[in-house]
Structures are given as structure tokens and as C-alpha cells.
Visitor: 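Questions regarding the structure given below will be posed in turn.
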Amino acid sequence: MTNLKILFTVVATLAVFTFVANVIPQVQSAVPREIVLSADMPPEELAAIGEEIYAGVGGCTACHGLGTRAPDLIGVAGSVCATRVPGQTCKDYLFESLVNPTAYIVEGFEPIMIDQSITSSQAELWTLVAYLESQGGEVTVSADDFAAALAADEAAEAAPAAPVITDPSQVDVMAVITATGCLACHMLGGQGGMVAPPFEELQGQDPAFIRESIVDPNAIINEEYSAFAGTMSPTLAQMMAPAELDALVDFLATGGVAAPAEGTEEPPGADPDSAAAPADSAGGSR
């Protein structure tokens with residue numbers, strides 16, 4: 001009798017789970033479609049592709065639309081873009097905001113955005129401009145704009161690839177910091193943003209912890225900078241060669257001194273031999 005009860009319970013349980021599994025709507029995974037860009041696309045199609053990038057791989061919604069990290073763009077971008085900089089058209093202002101985001105900062109917000117050309121092609125950037133113009137305004141991105149962007153992208157792809165550095169000691173760390181836009185949020189030697197821990201605070205930290213903070217920036221969040229958590233791209237480490245990542249980790253952990261990037265001057269009063277006190281945590285929006 002006991003065995004029959006156990007069997008009945010098992011069968012009844014399986015029946016319930018089978019029923020539930022069949023009444024739950026089945027969702028088919030959507031494979032991201034391949035986007036093919038061309039200069040003869042109408043404005044509406046460019047804007048539609050730009051919307052996909054804005055809401056997807058562009059990562060724009062990590063900051064825009066929250067009302068705290070960056071201005072809300074949906075519904076208003078196309079109506080205010082031409083009023084920001086006197087004499088600058090809407091599309092030119094929006095494109096510059098993507099590739100040189102610190103050129104004009106909306107009052108009340110921090111300069112936390114990096115140059116989007118680091119992760120997007122010129123053509124993709126123009127689709128973003130078209131989408132943002134469509135938010136309350138008229139799309140003025142032309143075939144000429146797009147043709148020039150496609151030509152620039154083709155030239156960049158055809159250019160000889162820079163030799164890959166395999167020796168961390170040969171890496172120009174400041175060039176890596178500049179190229180990846182780290183100083184948009186972090187401060188180093190008195191220069192940079194203040195919405196993430198200053199790099200000097202990482203001196204003396206465990207290199208493994210610093211590496212994890214770069215590879216997985218949301219693994220540990222510093223409460224002091226929690227309002228900007230998620231700002232740092234989780235693909236940042238993929239933009240570096242392994243030797244560059246190794247050199248950057250060593251530089252941050254040891255407080256190594258690197259020459260200022262070309263075209264910049266050493267900040268006044270900076271003391272490269274000074275040692276900063278180790279911080280308890282380096283998480284947050286690095």
C-alpha cells in the first residue's frame with residue numbers, strides 16, 4: 001500500500017508539472033538579424049536601425065532615460081539638438097556628442113560618456129543620429145553623410161593592422177587609458193572625471209581584484225559611486241590586447257608612473273612619486 005501511495009504521488013506530481021509546462025506560453029529565441037547598411041537607405045530606415053542600436057548593442061539605455069546619469073533623449077532629442085551650440089545644426093551637434101561627448105555637457109550631468117566611435121562604426125553612428133533626430137524633429141541625415149561614413153569605415157578596415165604587443169613592458173599605458181576613455185569617469189594625476197574611484201586609490205590593491213573590476217565592472221560596487229553603477233562597459237577588457245590589460249593592471253596596482261599621453265601636459269603640482277592610500281573597494285562605475 002505504501003509503495004502504491006508513493007507511485008501515485010510521483011505520477012500526480014509529474015502530471016501537474018506537465019500541465020503547467022504546456023499552458024505556459026512558449027517564447028522562441030530571436031536571433032539578432034544582420035544589419036546591412038547602405039547610402040541609399042531612406043531616413044525612416046536609418047532611424048529604425050539607429051533605434052535598434054540605441055536600445056541594444058549601443059548600450060545607450062544604461063544611462064539615458066534614467067533621469068539621473070544622462071539627459072532623457074526619447075521624444076525630445078530632435079527638438080533641442082539645434083539649440084545647444086549656436087550655429088551648429090542638429091545632426092552635427094548629435095554626431096559630435098557621440099564622438100566628442102565632453103564638448104558640451106548638459107547642466108546637471110557629469111561627463112561620463114566615452115567616445116562612441118571606439119565601439120561603433122561611422123555608419124552606425126549616423127543611424128543613431130537619424131534616430132535621435134526623429135525624436136521630436138526631422139531626420140536630416142543625408143545620403144552624402146552616410147556615403148562618407150561608409151567610405152571611412154571601409155578605409156579603416158583596409159588599413160594595415162597595428163602590430164600586436166605581446167610584452168606588457170612595451171605597452172604605453174597612458175595611451176590605453178586614453179583610448180578606452182577611462183578618464184571620463186576616473187581621475188588620474190588631477191585630471192579626469194569624479195564619478196568613479198580615482199586611479200590613485202587603487203595603488204596597493206590586489207591585482208586580481210583590479211583585473212576583475214575591469215573584466216566584470218559590476219562584480220563589486222563601491223557604495224560611494226553606486227549611483228553610476230553600470231556605466232562602465234562590460235566589454236572594456238575585450239577592447240585591449242592581453243598584454244595591454246596586464247600592463248594596465250600592474251600600473252594601477254603599483255601606482256606606476258607613465259608619461260602623459262601625446263598632446264597633453266602633466267597636470268600642475270602632480271607628484272609622480274607620491275603614494276596614495278589604498279582604498280577599501282574600487283568598484284562602481286569605473
Visitor: Return the CG to CD distance between L132 and E51, rounded to the nearest 0.5 Å.
Guide: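 Going from the CG atom of L132 to the CD atom of E51 covers 10.5 Å.
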
Visitor: Are I105 and L183 in one and the same hydrophobic cluster, where Ile, Leu, Val, Met, Phe, Trp and Tyr link if side-chain heavy atoms are under 4.5 Å apart?
Guide: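 Each belongs to a different hydrophobic cluster.
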
Visitor: Can you tell me if D153 uses its side chain to pair, donor with acceptor, with the backbone of A123 under 3.5 Å?
Guide: yes

Visitor: Do you know which two heavy atoms are closest between P168 and A247, and how far apart they sit?
Guide: O-CB, 3.5 Å

Visitor: I'd like to know if the side chain of E212 reaches the main chain of F209, judged simply by a donor and an acceptor atom lying under 3.5 Å from each other, with no hydrogens or angles considered.
Guide: no

Visitor: Taking S226 for its side chain and E223 for its backbone only, find out whether a donor-acceptor pair lies under 3.5 Å.
Guide: yes

Visitor: If you measure from OG on S213 to CG on L236, what distance do you get to the nearest 0.5 Å?
Guide: 11.5 Å

Visitor: For the pair K91 and S142, evaluate side chain to side chain contact (heavy atoms under 4.5 Å, CB included) and give the outcome as yes or no after the intermediate values.
Guide: CA-CA 10 Å; K91 68 179 181 181; S142 67; 4.1 Å; yes

Visitor: Within the 4.5 Å heavy-atom criterion, are Y104 and Y93 side-chain neighbours or not?
Guide: yes

Visitor: Answer with yes or no whether the hydrophobic clustering places V173 together with V164; edges join I, L, V, M, F, W, Y residues whose side-chain heavy atoms lie under 4.5 Å apart.
Guide: no

Visitor: What's the separation between atom CD1 in I210 and atom CD in Q203, rounded to the nearest 0.5 Å?
Guide: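 Reported value, rounded in 0.5 Å steps: 9.5 Å.
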
Visitor: Are L252 and I220 grouped together when hydrophobic residues (ILVMFWY) are joined by side-chain heavy atoms under 4.5 angstrom apart?
Guide: yes

Visitor: State yes or no: do F199 and M240 share one hydrophobic cluster built from I, L, V, M, F, W and Y residues joined by side-chain heavy-atom distances below 4.5 Å, directly or via other members?
Guide: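 Yes; M240 is reachable from F199 via cluster members.
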
Visitor: Do I74 and Y54 come within less than 4.5 Å of each other through their side chains, counting heavy atoms only?
Guide: yes

Visitor: Is there a side chain to side chain contact (heavy atoms under 4.5 Å, CB included) between Q238 and V215 once you walk through the steps?
Guide: CA-CA 8 Å; Q238 300 173 24; V215 174; over 6 Å; no

Visitor: Let me confirm one number: the SG-OH distance from C60 to Y131, rounded to the nearest 0.5 Å.
Guide: 9.0 Å

Visitor: Does any part of the side chain of I177, heavy atoms only, come nearer than 4.5 Å to the side chain of F251, both counted from C-beta?
Guide: yes

Visitor: How long is the gap from CD on E244 to CG on D172, to the nearest 0.5 Å?
Guide: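 Going from CD on E244 over to CG on D172, the span is 9.5 Å.
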
Visitor: Working note: M41 + I49, criterion side chain to side chain contact (heavy atoms under 4.5 Å, CB included); need CA distance, chi angles, decisive distance, verdict.
Guide: CA-CA 10 Å; M41 284 182 169; I49 293 174; 3.8 Å; yes

Visitor: Less than 3.5 Å apart, any donor N or O on the side chain of Q88 or E96 sitting next to an acceptor on the other?
Guide: yes

Visitor: What pair of heavy atoms forms the shortest contact from S79 to G136, and how long is it?
Guide: CB-O, 3.6 Å

Visitor: Within the 4.5 Å heavy-atom criterion, are L98 and M113 side-chain neighbours or not?
Guide: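 They are in side-chain contact.
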
Visitor: Between P197 and N222, which heavy-atom pair has the shortest distance, and what is it?
Guide: CG-ND2, 4.2 Å

Visitor: Can you tell me how far apart CD (Q170) and CD1 (I165) are? Round to the nearest 0.5 Å.
Guide: 7.5 Å

Visitor: Keeping the roles fixed (side chain from H186, backbone from P198), state whether a donor-acceptor pair exists under 3.5 Å.
Guide: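 Pair absent, no side-chain N/O of H186 close to backbone of P198.
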
Visitor: How far apart are the closest heavy atoms of C90 and G78, and which atoms are they?
Guide: SG-O, 4.3 Å

Visitor: Q122 and S117: which non-hydrogen atoms are nearest, and at how many Å?
Guide: NE2-CB, 4.1 Å

Visitor: Between V85 and V129, is there a shared hydrophobic cluster once you connect ILVMFWY residues whose side-chain heavy atoms come closer than 4.5 Å?
Guide: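 In one cluster with V85: V129, yes.
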
Visitor: Would a 4.5 Å heavy-atom cut-off, applied to side chains only, mark V141 and E133 as touching?
Guide: yes

Visitor: Measure the shortest side-chain to side-chain distance between T127 and F146 over non-hydrogen atoms and say whether it is less than 4.5 angstrom.
Guide: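 T127 vs F146: side chains touch.
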
Visitor: Using a 4.5 Å cut-off on heavy atoms from C-beta on, say whether the side chain of T180 contacts that of I114.
Guide: no

Visitor: Quick one: does V139's side chain get under 4.5 Å of L46's, heavy atoms only?
Guide: no

Visitor: Using side chain to side chain contact (heavy atoms under 4.5 Å, CB included), reason through L248 and I214 one step at a time and then give a plain yes or no.
Guide: CA-CA 10 Å; L248 178 60; I214 297 173; 3.9 Å; yes

Visitor: Work out which heavy atom in D72 is nearest to a heavy atom in V76; give both atom names and the distance.
Guide: O-CG2, 3.3 Å

Visitor: Counting distance only, does the side-chain N/O of Q135 pair as donor-acceptor with the main-chain N or O of G75 below 3.5 Å?
Guide: yes

Visitor: Is a side-chain donor-acceptor pair under 3.5 Å present for S169 with D167?
Guide: yes

